[in-house]
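Contents: one structure, followed by commentary.
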Number of protein chains: 2
Amino acid sequence: MITTKFSRQRESIKEYLSQTKEHPTADTVYMHIREKYPNISLGTVYRNLNLLVDLGEIIKLSPGNGSDRFDGNPLPHYHFVCTECSCVQDLDIVPGALDHINRIAEAGFNGEIQGHSVFFYGKCSNCKLNN
Amino acid sequence: MITTKFSRQRESIKEYLSQTKEHPTADTVYMHIREKYPNISLGTVYRNLNLLVDLGEIIKLSPGNGSDRFDGNPLPHYHFVCTECSCVQDLDIVPGALDHINRIAEAGFNGEIQGHSVFFYGKCSNCKLNN
DNA sequence: TTACCTGCAAACCATTTGCAGATCC
DNA sequence: GGATCTGCAAATGGTTTGCAGGTAA
């Protein structure tokens with residue numbers, strides 16, 4: 001069990017993440033929180049982001065390209081990554097709509113499939129228009 | 001277009017990858033190639049791995065945890081990552097069996113879905129037995 | 001001969017960590 | 001008062017890169 005004490009820095013990070021749809025990197029979070037708490041350090045941002053992930057209050061995304069990103073919505077959902085501008089967007093997929101792929105994967109596999117992580121790639125609506 | 005000259009180091013890396021099922025990290029590749037070419041440098045291993053990826057002869061996997069891994073089989077297929085021992089294994093999924101998820105993702109999305117990357121998580125057969 | 005390739009070492013980038021002091025409860 | 005938190009700066013780990021000398025074609 002993880003014990004925590006109140007911290008205004010952590011509160012601010014949580015609030016920022018819950019209100020943005022940008023799926024920011026740790027550094028972007030740092031930039032934003034610094035507007036309110038100019039003395040906050042990048043180390044504190046990383047520590048709190050990891051703590052919030054451990055508490056299950058936010059989610060960490062590792063899309064492969066570059067840095068990890070963070071999502072204030074801890075409920076299971078899927079993400080899209082634009083191959084042109086690298087933006088990350090939530091997808092509007094019915095919860096459970098992809099659960100069946102675990103069974104497909106489990107056929108002919110001797111271990112135990114417990115979950116999956118999926119990223120969809122392509123062009124976001126902006127990049128689709130701009131060329 | 002990428003132009004290349006023969007290199008015994010690159011040949012050796014390609015051969016090692018085509019023959020192992022370990023999905024090794026760059027460092028593991030380095031260890032193995034060093035048995036035959038003790039003077040090879042890690043930089044050269046990285047350069048050749050990236051070159052082979054660009055040539056489409058191997059595939060780079062980014063399972064999120066720790067370092068990237070490399071797969072000598074460039075044909076599209078899916079992977080399993082063990083949450084206990086972190087091993088990576090090929091899954092025996094019929095080619096195309098998951099193509100339909102792109103259409104699920106595209107419903108209600110304004111951009112253009114061109115592909116996806118999926119990792120399945122759970123316990124490998126070994127770790128399933130050993131507890 | 002001239003790309004391309006190599007080893008080496010330094011640089012880079014994202015992330016983590018040790019420390020001494022501050023803060024919450 | 002004691003555990004948790006902070007800023008700072010240094011350390012870490014994975015990967016890339018500049019350079020000067022080698023090698024394939």
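Every value quoted in this text rests on a predicted model; they were computed, and no experiment measured them. Quick note on labels: first sequence line is chain A, next is B, and so on, each numbered from 1.
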Would one find a side-chain N or O of A/Asn50 under 4.0 angstrom from OP1 or OP2 of C/dT15? no
For A/Lys60 and C/dT15, give me the distance from atom NZ to atom P, rounded to whole Å. 7 Å
Separation of D/dT23 P from B/Glu11 CD (nearest whole Å): 17 Å
Tell me the interatomic distance from B/Arg69, atom CZ, to D/dG13, atom P, rounded to whole angstroms. 17 Å
Spell out yes or no: do the side chain of B/Lys5 and the base of C/dA3 have one donor N/O and one acceptor N/O closer than 3.5 Å? yes
For B/Thr83 versus A/Gln114, what's the shortest heavy-atom pair and its separation? OG1-OE1, 4.1 Å
Please give, in whole Å, the distance from C/dC4 P to B/Ile2 CD1? 11 Å
Bend angle of the helix from C/dT1-D/dA25 to C/dC25-D/dG1, end axes from five pairs each (to 10°): 30°
Can you see if the side chain of A/Arg47 gets near the phosphate of D/dC5 - specifically, an N or O under 4.0 Å from OP1 or OP2? no
Pairwise 5' ranking along DNA chain D for B/Asp68 and B/Phe6, keeping only the more 5' one: B/Asp68
Tell me whether A/Ile104 shares a hydrophobic cluster with A/Leu98, the cluster being built from Ile, Leu, Val, Met, Phe, Trp, Tyr side chains joined at under 4.5 Å. yes
Linking I/L/V/M/F/W/Y whenever their side-chain heavy atoms sit closer than 4.5 Å, directly or via other members, would B/Ile101 and A/Phe119 fall into one cluster? no
DNA chain C-proximal residues of residues 22-43 of chain A, any heavy atom under 4.0 Å: A/Leu42, A/Gly43
Separation of C/dC12 atom C1' from B/Tyr46 atom OH, nearest Å, is 13 Å
same_hphob_cluster(A/Ile59, A/Val88) at 4.5 Å side-chain heavy-atom cutoff: yes
How many whole angstroms separate atom CG of B/Asn48 from atom P of C/dC4? 14 Å
Output the rounded distance in Å from CG (A/Leu51) to P (C/dT15). 17 Å
Options D/dT16, D/dG7, D/dG18, nucleotide nearest the side-chain atoms of A/Thr44: D/dG7
Under 4.5 Å between side-chain heavy atoms, hopping through other hydrophobics if needed: is there a path connecting B/Phe70 to B/Phe80? no
Parallel, tilted or perpendicular: which fits the ring planes of A/Tyr16 and A/His32, with parallel below 30° and perpendicular above 60°? parallel
Kindly say if B/Gln9 contacts the phosphate of D/dT23, meaning a side-chain N or O under 4.0 Å from OP1 or OP2. no
B/Tyr30 six-ring centre to B/Arg34 NZ/CZ under 6.0 Å and within 45° of normal: yes
In this structure, how many angstroms lie between the C1' atom of C/dT17 and the CG atom of A/Leu49, rounded? 16 Å
Taking only side-chain nitrogens and oxygens of A/Arg8, does any of them come within less than 4.0 Å of OP1 or OP2 of C/dC24? yes
Heavy-atom closest pair, residues A/Ala26 and A/Val45: O-CG1, 3.7 Å
Can you confirm whether the side chains of B/His79 and B/Asp71 place a donor and an acceptor under 3.5 Å from each other? yes
Under 4.0 angstrom between A/Ser7 side-chain N/O and C/dC24 OP1 or OP2: no
Side chains of A/Asp90 and A/His23: is there a donor and an acceptor less than 3.5 Å apart? yes
